[in-house]
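Notes to accompany the following structure.
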Amino acid sequence: MSDKYDVIVIGAGPAGYVAAIRAAQLGLKTACVDAFAGKDGKQALGGTCLNVGCIPSKALLDSSRQFHNLTHNFGVHGITADNAKIDVPTFIGRKDKIVKQFTGGVAQLFKANKITPYFGTGKLLKGNSVEITGADGKKETISATNVILASGSVPIELPFAKFDNKMILDNAGALDLAEVPKRLGVIGAGVIGLELGSVWKRLGADVTILEALPDFLSVADADVAKVAAREFAKQGLTIKLGAKLTKAEVKKKEIALTYEDKDGAHELVVDKLLVAVGRRAYTAGLLADDTGVKLDERGRIVVDEHNHTGVDGVWAIGDAVRGPMLAHKGSEEGVAVAEWIAGKAGHVNLDTVPWVIYTEPEIAWAGKTEKQLKDEGVPYKVGSFPFAAIGRAVAMNEAVGQVKMIAHAETDRILGVHMVGPGVSELIAECVVAMEFKGSSEDLARIVHAHPTLSEAVHEAALSVDKRAIHKGN
Ligand SMILES: NC(=O)c1ccc[n+]([C@@H]2O[C@H](COP(=O)([O-])OP(=O)(O)OC[C@H]3O[C@@H](n4cnc5c(N)ncnc54)[C@H](O)[C@@H]3O)[C@@H](O)[C@H]2O)c1
């Protein structure tokens with residue numbers, strides 16, 4: 001047994017690395033164990049989010065958006081560019097450079113905060129020791145007063161469409177294609193399917209998304225989902241609902257898919273297949289048999305409202321526990337746990353965690369949908385405002401979508417805000433602040449919003465809750 005720490009974090013994703021930094025800031029001697037290797041084989045801190053998730057996908061979404069605008073949307077501005085081309089190696093290379101910048105940034109932050117990184121797979125042993133197995137199989141054991149499990153999640157694999165990342169891709173494979181596939185099949189019209197399907201569609205792939213559920217984007221508010229479905233259809237994304245994949249036969253250069261919907265069985269031939277049917281907590285090999293840490297029926301680490309596992313000094317955060325699988329949720333849990341360990345008052349409010357889907361138009365929401373409130377019997381009132389009446393959105397030629405605000409019918413407290421349109425990934429932040437401070441639609445209605453900005457849609461939606469929006473009929 002070598003070093004003894006105050007805190008060992010297993011996993012250096014956005015939950016784990018943030019927990020490690022906050023713990024170190026609070027004066028705790030901290031180590032962080034992670035096995036993720038970058039393309040150069042060296043340790044790449046930052047987990048799924050920085051390496052093969054949030055950051056690389058946003059890099060590709062932005063590049064592909066620029067290309068799509070150039071080829072489809074610039075004409076209206078009087079700008080033409082003949083023979084526009086995309087060089088896929090440059091497109092992927094830019095993404096790789098951004099990933100390296102950010103994973104390297106976490107390494108720098110570890111150095112600055114005197115956090116010891118360990119490169120290998122961590123396993124919790126009884127008594128708060130952690131066994132680390134390196135890529136070469138060498139083992140070492142370190143121990144701590146507190147261990148934070150932040151092992152993240154992995155993509156769910158369909159038994160008849162196993163990932164090979166050549167023909168059948170997971171999120172990582174779909175971020176690293178050498179050329180634009182002619183026909184891309186996507187299983188699952190969830191967050192990953194829509195984002196990565198959009199990337200390759202914008203570069204010219206023929207994209208077909210098969211979604212098992214009968215309703216499109218059922219996690220979002222129905223009005224938002226309706227606008228999004230209409231816009232994606234306009235962009236040429238084919239989304240087949242109620243379509244369940246039953247077979248994927250990999251041939252030499254293509255994949256023959258069989259799926260079933262209400263009309264029976266259908267065939268679809270594609271060149272690449274992205275399977276994005278959700279993720280599951282990653283705990284394989286994480287826990288020795290006698291640690292006492294429990295998993296729930298979905299394989300997630302069981303924790304209480306303070307992210308404590310019930311085993312003295314053992315905590316768990318991020319995708320490996322209950323709650324939405326979102327990087328920012330994991331990061332906030334990381335901060336809170338470090339603060340609880342240091343005897344401070346940590347805080348995470350899962351009720352105001354914002355969701356963002358980075359498609360075009362963007363989709364963002366926080367709080368309850370209208371359906372959830374109806375099902376719970378909560379009395380509510382609704383206001384909404386279209387971007388078509390927002391000067392800035394029209395000037396940008398992006399006047400699509402709306403902001404919808406739901407407030408309690410009696411107290412006026414904001415219960416949910418649902419947006420689809422330009423820049424809503426940023427606009428949602430204002431609403432989250434208002435909700436976190438238990439604000440009302442009246443509060444947002446009385447705040448001065450700069451003109452002309454997209455944020456006026458939030459202001460007008462708040463006014464519209466009481467039927468007094470200025471720039472539309474109420
Ligand atoms: N922008 C973001 O915040 C962001 C981006 C990427 C991923 N994520 C997170 O990563 C996680 C995984 O993303 P995801 O898109 O894989 O999952 P998801 O849960 O968002 O969507 C999966 C979809 O696949 C469908 N599905 C499941 N089995 C199917 C089958 N056999 N055939 C057809 N459809 C099927 C589901 O009905 C669902 O609509 C999510 O929890 C998400 O929150 C978030």
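For ligands, and for the atoms within them, numbers begin at 1 and follow the listed sequence.
Listed by atom number, the atoms of ligand 1 under 4.0 Å from Leu210 heavy atoms are 33 (C), 34 (N). Heavy-atom contacts of Gly190 reach the following atoms of ligand 1: 15 (O), 20 (O), 21 (O), 23 (C) (cutoff under 4.0 Å). Interface atoms of ligand 1 facing Leu213, defined by a heavy-atom separation under 4.0 Å, are 37 (O). Of all the atoms in ligand 1, the ones that sit under 4.0 Å from a non-hydrogen atom of Tyr358 are 1 (N). Residue-ligand proximity, Gly188 to ligand 1, at heavy-atom distances under 4.0 Å covers atoms 23 (C), 24 (O), 25 (C), 34 (N).
In this structure, Trp355 is part of the shell of residues with a heavy atom less than 4.0 angstrom from ligand 1. Distances shorter than 4.0 angstrom occur between a heavy atom of Ala243 and an atom of ligand 1.
Using cut-offs of 30° and 60° on the angle between ring planes, the pair Phe232 and Phe216 is perpendicular.
Distances from atom 10 (O) of ligand 1 to the heavy atoms of Arg279, Lys240, Glu195 put Arg279 nearest. Nearest to atom 20 (O) of ligand 1 by heavy atom, out of Thr48, Ile363, Val191, Asp170, is Val191.
Salt bridge status for Asp40 with Lys100: present, with a side-chain N to carboxylate O gap under 4.0 Å. The residues Asp62 and Lys58 are annotated as not salt-bridged, no charged nitrogen and carboxylate oxygen being separated by less than 4.0 angstrom. Taking a cutoff of 4.0 Å between a charged side-chain nitrogen and a carboxylate oxygen, Lys39 and Asp96 qualify as a salt bridge.
Contacts between Val356 and ligand 1, counted as non-hydrogen atom pairs separated by less than 4.0 Å, involve the backbone only. Residue contacts with ligand 1, taken as heavy atom pairs separated by less than 4.0 Å, involve Leu326 solely via side-chain atoms from C-beta onward.
One N or O on the side chain of Asp443 and one on the backbone of Ser440 form a donor-acceptor pair closer than 3.5 Å.
Taking all atoms of both residues into account, the shortest heavy-atom contact from Thr121 to Val33 is C-CG1, 4.3 Å. Here the closest heavy-atom approach between residue Ala407 and residue Val465 is recorded as CB-CG1, 4.0 Å.
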* Under the side chain to side chain contact (heavy atoms under 4.5 Å, CB included) rule, what do Ile363 and Val424 come out as? Steps first, then yes or no, please. => CA-CA 6 Å; Ile363 298 166; Val424 298; 5.6 Å; no
